[in-house]
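Below is one structure, written out as structure tokens, with a few remarks after it.
Chain identifiers are assigned alphabetically (A, B, ...) following the order of the sequence lines, protein sequences preceding nucleic acid strands; residue numbering begins at 1 within each chain.
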Number of protein chains: 2
Amino acid sequence: MSGPAQRRITIKEVAEAAGVGVATVSRVLSGGSASAETREKVLAAAARLDYRPSALGRNLRRQRTGGIGLLVPDITDSFYARLADGVLSCARSYGEPVTVGVTGDDPEREAELIGTLIEQSMDRLIAVPSGDGETWGLALRAGLNVVFADRRVRADVPSVVPDDRAGVLTAVEYLAGLGHRKIAYLGRHGQSQRVAAFTSAIASLGLPADRDLVVHARSSRDSAYAAAAGLLQHRADVTAVIAGGNVLGEAAVLAARELDVRIPKDVSLIMFDDVPWAELCSPPLTVIAQPAQDIGYRAAELVLRHGRRPPAVTLPTQLVVRASCGPKVSAPRR
Amino acid sequence: MSGPAQRRITIKEVAEAAGVGVATVSRVLSGGSASAETREKVLAAAARLDYRPSALGRNLRRQRTGGIGLLVPDITDSFYARLADGVLSCARSYGEPVTVGVTGDDPEREAELIGTLIEQSMDRLIAVPSGDGETWGLALRAGLNVVFADRRVRADVPSVVPDDRAGVLTAVEYLAGLGHRKIAYLGRHGQSQRVAAFTSAIASLGLPADRDLVVHARSSRDSAYAAAAGLLQHRADVTAVIAGGNVLGEAAVLAARELDVRIPKDVSLIMFDDVPWAELCSPPLTVIAQPAQDIGYRAAELVLRHGRRPPAVTLPTQLVVRASCGPKVSAPRR
DNA sequence: ACCGCTCATGGAAACGATTCCATCATGGTT
DNA sequence: AACCATGATGGAATCGTTTCCATGAGCGGT
């Protein structure tokens with residue numbers, strides 16, 4: 001099965017092999033001052049013995065764990081997977097390990113995961129927050145160094161978010177330009193920013209306000225499908241839908257097919273988040289592209305060199321026109 | 001910015017508050033024997049102070065880190081994201097944190113990540129291996145408790161893999177049943193098992209063997225596209241393609257569109273790995289579904305309770321017929 | 001020649017938990 | 001009454017590292 005599990009060599013043995021004290025070895029290895037001769041000896045001994053300092057010992061002494069925690073609602077969602085990839089990519093260049101947790105957009109699970117992270121003395125955390133400000137108040141008071149990604153729930157925590165305001169406005173303007181007046185937003189937990197931007201955009205373009213035109217789903221695929229189907233079924237008057245994420249968009253396409261609603265003939269669809277399959281879909285989906293990977297990367301940068309961090313970074317989105325939007329139909333669908 | 005970072009409370013303070021010794025506190029909290037009265041006092045004090053044991057202290061003493069490492073080629077790939085989700089889901093029920101690394105199918109990066117993990121004294125690792133047996137020999141000798149997922153590169157390491165042999169055979173038989181004789185396999189790094197199964201299946205059905213019918217791509221999207229385009233362009237005689245993963249399938253669809261090769265009229269396509277968009281694609285893709293999440297979950301189970309582990313678990317795949325395969329065309333494509 | 005300054009160096013404390021071991025009380029048996 | 005077995009308990013060692021502090025050497029300036 002596994003090998004004889006050879007004991008790991010410690011700084012003490014390196015010191016002995018080099019004929020110096022442990023303090024000197026530590027100093028040399030962490031870049032402190034030492035004579036050229038001593039440095040040579042220590043380095044040679046360390047290399048010869050293939051010495052690897054124990055992160056455990058170091059962290060215990062330093063009272064902080066290297067490494068960063070990452071909390072996302074769903075690693076299976078392409079958006080969060082790309083965000084995670086950005087974080088991992090940045091962390092790798094610093095040699096920092098990343099511990100990932102999946103919250104499922106459940107504040108309770110989130111709190112639990114934060115607890116685990118604190119137990120590990122992890123002091124840096126990137127999170128797509130599910131809970132409200134209160135959960136995070138506790139985390140902050142515990143000394144955690146938090147950066148929010150994708151969503152901002154507290155003003156006093158640095159965050160990296162896509163430009164939802166501009167993204168939604170672009171989408172609504174584009175649809176309005178095609179003649180649509182009844183536009184629905186299919187969103188989910190944690191998108192209050194976007195919903196606000198949506199209603200504000202609707203108002204600013206003089207379109208009829210209707211709070212029922214905002215539909216919410218939980219973060220599962222089933223819930224997304226139910227919400228999309230419900231919207232298409234009960235509101236035959238809406239001629240355009242904005243889906244607030246790729247699983248919502250997928251659900252909308254599926255539901256439309258099931259209900260014989262044709263895209264874009266009967267209803268136009270814009271999806272938030274450009275994913276590889278958007279182009280493969282039938283019809284190819286017009287999307288608001290979000291720089292998911294960049295969001296992760298920038299968040300990691302912020303949390304890693306946390307000197308004088310700006311309170312908030314906003315990254316631009318981009319409208320990518322494909323074939324899921326058309327002019328408004330004159331006759332109602334049903 | 002961040003709060004005053006209150007100092008964390010230690011076992012010593014709990015002991016003092018409860019009026020007992022630290023040893024007793026430790027014993028009570030880890031389920032050792034103690035009188036009912038003492039247990040009561042300790043539990044009360046711990047709760048009152050909101051005590052959380054430091055994983056650092058514990059691990060240093062125990063000489064092993066809880067938590068498990070997870071190495072995947074690409075977290076952005078839906079297959080590995082689902083695999084990771086399975087691991088995370090299982091780990092969560094044990095309260096174990098998971099540290100994720102992305103290897104990019106590069107043995108060098110993989111070795112580097114293993115090094116980082118060893119530095120953290122992590123002793124449990126789930127990996128989709130990129131390197132050959134040698135890399136892993138070192139890791140094993142360092143006392144790592146490894147479980148392979150998705151691929152098996154050493155017989156002496158427990159592993160959880162999909163039933164490639166049966167999956168490939170099913171795909172080839174299905175295509176042969178439709179009259180196809182020139183079937184190509186579009187694979188990538190690390191799929192030697194599947195390639196072997198493919199050539200063996202071809203042979204067993206009496207189809208013409210042709211080693212050029214196996215094309216390899218590296219794990220990037222660009223490389224996948226190039227390989228797919230090259231195959232479709234230079235081998236006008238192949239009438240069916242098996243793509244060895246969802247990014248390869250995506251690349252094949254894209255390349256076919258670009259080259260005006262119609263699916264399934266001109267060439268049939270079977271993709272390994274069922275992803276949500278396979279149904280949304282035009283045409284909907286016939287796939288070999290793989291239980292990615294299960295693979296991750298089972299691997300995590302194996303690595304967590306590593307008592308008497310079986311050398312290998314093989315999970316079934318399933319053919320899902322949609323609309324990307326058709327009968328062989330009689331006239332050559334070009 | 002002496003003083004004070006800088007610099008390299010090593011011993012030892014500290015971090016927070018677990019666990020060995022000695023101590024002590026208790027209760028039952030000879 | 002003496003003794004042993006059992007079980008609860010706390011002191012102290014330990015894990016591997018960093019870092020404080022004391023020591024001593026070398027050296028230039030007065």
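With sequence neighbours excluded, no residue forms a ring pair (Phe, Tyr, Trp, His ring centres under 6.0 Å) with B:Tyr80. Under the ring pair (Phe, Tyr, Trp, His ring centres under 6.0 Å) criterion, B:Tyr51 pairs with no residue at all, not counting sequence neighbours. Legend: residues meeting salt bridge (charged side-chain N to carboxylate O under 4.0 Å, His left out) with A:Arg109, ordered by chain and number and at least two apart, are absent.
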ask   = Can you give one letter per nucleotide of nucleotides 6-12 of chain C, going 5' to 3': B for a protein heavy atom under 4.0 Å from the base, S for sugar-phosphate only, - for none?
value = --SBBB-
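In the region residues 41-53 of chain A, proximity to DNA chain D at under 4.0 angstrom, judged on heavy atoms, holds for A:Tyr51, A:Arg52, A:Pro53. For the segment residues 112-120 of chain B, no residue has any heavy atom less than 4.0 angstrom from an atom of DNA chain C.
The residue A:Leu56 sits apart from the nucleic acid: no heavy atom pair falls under 4.0 Å. If you check every strand for non-hydrogen atoms under 4.0 Å, B:Ser54 touches sugar and phosphate atoms only.
Annotation: salt bridge (charged side-chain N to carboxylate O under 4.0 Å, His left out) contacts involving residues 46-66 of chain A, sequence neighbours excluded, comprise A:Arg52-B:Glu119. Listed by first then second residue, pairs satisfying salt bridge (charged side-chain N to carboxylate O under 4.0 Å, His left out) with a partner in residues 24-47 of chain A number zero, not counting sequence neighbours. Residue pairs meeting the ring-ring contact (aromatic ring centres under 6.0 Å, His included) criterion with at least one member in residues 89-142 of chain B, sequence neighbours excluded, are B:Trp136-B:Phe148. For the salt bridge (charged side-chain N to carboxylate O under 4.0 Å, His left out) condition, the pairs that include at least one residue of residues 74-100 of chain B, sequence neighbours left out, are A:Glu112-B:Arg92, B:Asp77-B:Arg188, B:Arg82-B:Asp273, B:Glu96-B:Arg124.
Counting to the nearest Å, the P atom of D:dT14 and the CD1 atom of B:Ile11 are 19 Å from each other. Atom CD of B:Gln63 is separated from atom P of C:dG16 by 18 Å (rounded to the nearest Å). If you take CD of A:Glu16 and P of D:dT17, they are 14 Å apart, rounded to a whole angstrom. Atom CZ in A:Arg64 sits roughly 13 Å away from atom C1' in D:dT17 (whole-Å rounding). One atom, CZ of A:Arg62, and another, P of D:dC20, lie 12 Å apart when rounded to the nearest Å. To the nearest angstrom, P of C:dT18 lies 15 Å from NZ of B:Lys12. Rounded to whole angstrom, the span from the CG atom of A:Leu29 across to the P atom of D:dT17 amounts to 9 Å.
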task = Go through the steps for A:Ser35 and A:Thr38 under the test side chain to side chain donor-acceptor pair (under 3.5 Å), then give the verdict.
result = CA-CA 5 Å; A:Ser35 75; A:Thr38 311; 2.7 Å; yes
Short heteroatom pairs, N/O only, protein and nucleotides 25-28 of chain D, under 3.5 Å:
none

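At a cut-off of 3.5 angstrom, the base of C:dT18 holds at least one donor-acceptor pair with the side chain of B:Arg61.
Each end of the helix from C:dA1-D:dT30 to C:dT30-D:dA1 gets its own rotation axis from five pairs of C1' atoms, and the angle between them is 60° to the nearest 10 degrees.
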